[in-house]
Each structure stands twice: as structure tokens, then as C-alpha cells.
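Input: a single structure, listed below in C-alpha cells.
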Amino acid sequence: MVSPLVSIIMNCYNGEKYLSRALESIKRQKYENFELVFWDNQSNDKSEEIFKNFNDNRFKYFKSDKHKILYEARNDALKKCNGKYISFLDTDDYWYENKLFLQVPIMEKNHNIGLVYGNFIKYNENKFLFKKKNIKSKLFQSGKITKSLISNYYIGLLTVLIRKSFMSGDLEYFNPKYNLLSDFDYIIRFSQKYSFDFVKQNVAVYTQHEN
């Protein structure tokens, strides 16, 4: 199988608490041809030190010249990506080692697919019972799925793999005016134009915590 480059964007602002776990989950990927674009949004904790302790030439460090809202920072990181595909992981979440290994072949086999997503676990640190909640994969659909997403949104940004060549025009960047809802806005708009596919397996863990 051809192994095209995947660009992974990790935006960081004072993410030291969970950062090592997130970075380790990237380093453990079975799919090895990736670059990590680590965008330090003016952190004032030990995030930079933790990142630079990972001795991996695929890990690339960038520091913003000033602190920005999240989706402005995401857009800045996108400008540094060289990969055929784009993926995202925040500092408090982590991937399973098969995430890219499962998704890249789907994109390579069907050049009409613009985005592949997967299942994930929501883990809530503060709940004694029901700490882990799995997204219901029976909801998942492939193809043009805008109506399905609007009625019951089930895509986690931490699971997506996007074809970079399709990220053009009004889909080149996230719309920062929505801030925390900008990924939802982007994926809905992307789904109106391009077909999606998915893997049913869990590929990531989304951590819910006090911050």
C-alpha cells in the first residue's frame, strides 16, 4: 500500500496535564508516515518542555506570536501542513494505535471520499458510574450525510481524516466566529459538498473534565 503523508494538528494552550498521553498515542500509531504540527498558542506551563522531550523528527513545533482563539489557531496550524490528509487531536484526548492505519486505506481506495470518521469513547473523569460512553455506531452513515448529521450529530473532530485537496475555497479554513462550534459548522458545510465514509471501530478517546 502507498503510504501518503498525514498531517496531524495539535493545538495547545497550557495542556501539560494530559499532553504526554496524547503525544504518546500519536507516536504509537501503526501508520508511521505522518507529521505532527504542534501549535503552541502561547502556553505558560510546561507544554513546550514536555513536547520537546519527545525525540521524534516527525514532531514539529510551532509557537504563535500571540494568543488567539482556538479556531484562529487551528487555521494557523493548517497553513503549516504538508500532508495529503489532515487529522486533529487535542492535548486532553488520545488515539488508539490503529486510527490512521484503518482510515488511510479507505481514502486511498476511493478518491471521491472527502472525509473518514470513526467511533470514539467519551470518558468523564468526574463520574463514578458510567465514566465511559461509546458513541452509537448504528447511527453512522456513508455518502452524502448532511441530513443525518443535522438530525443527530455523531462525528467527533478527533476521529476525522480529511482529504486536504478538498479543503479549498470556503472550505479552506474553519470559520472562527463560531469558536467552539466551528468544527460542527465546518463538517456540516463539508458534508454538503463531499461524500463521507467511516470505520465502526473505536479510534479515539474524548476526555471530559472540569476545564
Side-chain angles (χ1 to χ4, degrees), residues 6-29 34-83 85-96 99-100 115 117-118 120-127 131 153 155-162 164 167 171-190 203-211:
V6 175
S7 295
I8 304 163
I9 290 176
M10 180 176 286
N11 288 95
C12 177
Y13 177 63
N14 293 342
E16 65 178 8
K17 182 175 180 180
Y18 305 96
L19 182 54
S20 292
R21 183 183 68 180
L23 293 172
E24 190 63 43
S25 78
I26 293 174
K27 192 167 186 175
R28 289 200 310 264
Q29 288 298 298
F34 63 79
E35 62 172 6
L36 170 59
V37 175
F38 184 87
W39 192 265
D40 186 344
N41 195 8
Q42 288 284 317
S43 296
N44 52 34
D45 64 356
K46 294 182 179 180
S47 294
E48 180 177 357
E49 178 184 339
I50 292 168
F51 177 85
K52 291 183 175 178
N53 282 333
F54 279 78
N55 187 22
D56 192 317
N57 59 16
R58 298 170 298 179
F59 284 27
K60 301 175 181 180
Y61 179 86
F62 300 92
K63 190 160 189 172
S64 179
D65 57 358
K66 64 179 181 179
H67 181 74
K68 297 183 179 181
I69 64 172
L70 175 60
Y71 282 92
E72 286 182 349
R74 284 221 204 284
N75 290 339
D76 286 342
L78 274 169
K79 296 170 186 175
K80 301 296 184 181
C81 294
N82 301 300
Y85 303 114
I86 305 290
S87 205
F88 301 89
L89 183 65
D90 288 335
T91 58
D92 49 359
D93 303 325
Y94 62 95
W95 283 350
Y96 292 142
K99 197 268 185 192
L100 299 177
L115 184 151
Y117 62 97
F120 66 101
I121 291 172
K122 286 185 178 181
Y123 177 81
N124 192 313
E125 290 187 337
N126 301 317
K127 291 183 179 179
K131 280 181 175 290
Y153 191 77
I155 294 181
L157 186 67
L158 74 168
T159 76
V160 306
L161 186 71
I162 304 177
K164 189 169 185 279
M167 299 176 73
L171 292 173
E172 186 173 9
Y173 298 115
F174 294 93
N175 188 336
K177 76 176 184 179
Y178 297 121
N179 200 10
L180 296 178
L181 290 175
S182 195
D183 56 337
F184 169 79
D185 164 73
Y186 184 89
I187 290 175
I188 292 294
R189 289 188 291 114
F190 199 88
V203 297
V205 175
Y206 174 82
T207 306
Q208 296 175 309
H209 52 86
E210 65 274 9
N211 295 321

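In terms of modelled atom types and a separation under 3.5 Å, the side chain of Ser7 and the main chain of Ile86 share no donor-acceptor contact. Listed for the Glu35 side chain is no donor-acceptor partner under 3.5 Å among the backbone atoms of Cys81. Under a 3.5 Å cut-off, the side chain of Ser64 and the backbone N or O of Asn41 do not form any donor-acceptor pair. Here the side chain of Asn11 pairs a donor or acceptor atom with the backbone of Ala73 at under 3.5 angstrom.
Remark: Leu158 CG to Tyr206 OH distance equals 8.5 Å, nearest 0.5 Å. Remark: Leu23 CG to Leu89 CG distance equals 8.5 Å, nearest 0.5 Å. Between atom CZ of residue Phe120 and atom CD1 of residue Ile155 there is a gap of 9.5 Å, rounded to the nearest 0.5 Å. Taking OH of Tyr178 as the reference point, atom CG of Leu70 lies at 16.0 Å (rounded to 0.5 Å).
Every residue was checked against the ring-ring contact (aromatic ring centres under 6.0 Å, His included) condition with Tyr85, not counting sequence neighbours, and none meets it. For Ser25, the side chain to side chain donor-acceptor pair (under 3.5 Å) criterion is met by no residue, not counting sequence neighbours. Partners of Thr91 under the side chain to side chain donor-acceptor pair (under 3.5 Å) rule, at least two apart in sequence or in another chain, do not exist in this structure. Listed by chain and residue number, Asp40, Glu48 satisfy the side chain to side chain donor-acceptor pair (under 3.5 Å) test with Tyr61 (two or more places apart in sequence, or in another chain). For the side chain to side chain contact (heavy atoms under 4.5 Å, CB included) test, residues two or more places apart in sequence or in another chain that qualify with Tyr173 are Asn75, Leu78, Lys79. Take Asp45 and apply the side chain to side chain contact (heavy atoms under 4.5 Å, CB included) test, not counting sequence neighbours, and it matches Asn14, Glu16, Ser43, Ser47. Taking Gln29 as the reference, nothing meets the side chain to side chain donor-acceptor pair (under 3.5 Å) condition, with sequence neighbours excluded. Annotation: side chain to side chain contact (heavy atoms under 4.5 Å, CB included) contacts of Asn57 (sequence neighbours excluded): none. For the salt bridge (charged side-chain N to carboxylate O under 4.0 Å, His left out) test, residues two or more places apart in sequence or in another chain that qualify with Arg58 are Asp56. The ring-ring contact (aromatic ring centres under 6.0 Å, His included) search around Phe174 returns Tyr71, Phe88, Tyr186, not counting sequence neighbours. Under the side chain to side chain contact (heavy atoms under 4.5 Å, CB included) criterion, Asp90 pairs with Arg74, Asp92, Asp93, not counting sequence neighbours. Partners of Phe184 under the ring-ring contact (aromatic ring centres under 6.0 Å, His included) rule, at least two apart in sequence or in another chain, are Tyr153.
Taking all atoms of both residues into account, the shortest heavy-atom contact from Arg21 to Thr207 is NH2-OG1, 3.0 Å. Smallest separation of non-hydrogen atoms from Lys27 and Phe54: CD-CD2, 4.2 Å. The two residues Gly83 and Lys164 make their nearest non-hydrogen contact at O-CD, 3.1 Å.
Side-chain contact check for Ser87 versus Trp95: some heavy-atom pair is nearer than 4.5 Å. Two residues are said to be in side-chain contact when any heavy atoms from C-beta on lie closer than 4.5 Å; Ile9 and Trp39 fail this criterion.
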Please step through side-chain contact (heavy atoms from CB on, under 4.5 Å) for the pair Val205 and Tyr96, ending with a clear verdict.
CA-CA 8 Å; Val205 175; Tyr96 292 142; 3.4 Å; yes
Chi angles and distances behind the side-chain contact (heavy atoms from CB on, under 4.5 Å) call for Phe38, Leu19:
CA-CA 11 Å; Phe38 184 87; Leu19 182 54; 3.8 Å; yes
Working for side-chain contact (heavy atoms from CB on, under 4.5 Å), residues Lys99 and Ile8:
CA-CA 12 Å; Lys99 197 268 185 192; Ile8 304 163; over 6 Å; no
One pair to check against side-chain contact (heavy atoms from CB on, under 4.5 Å): Ile26 and Met10. What are the steps and the verdict?
CA-CA 10 Å; Ile26 293 174; Met10 180 176 286; 3.7 Å; yes
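In Lys46, the NZ atom is not crowded: 12 or fewer heavy atoms of neighbouring residues, nucleotides or ligands sit closer than 6.0 Å. Annotation: Asn55, atom CG; neighbour count of heavy atoms from other residues, nucleotides and ligands within 6.0 Å does not exceed 12.
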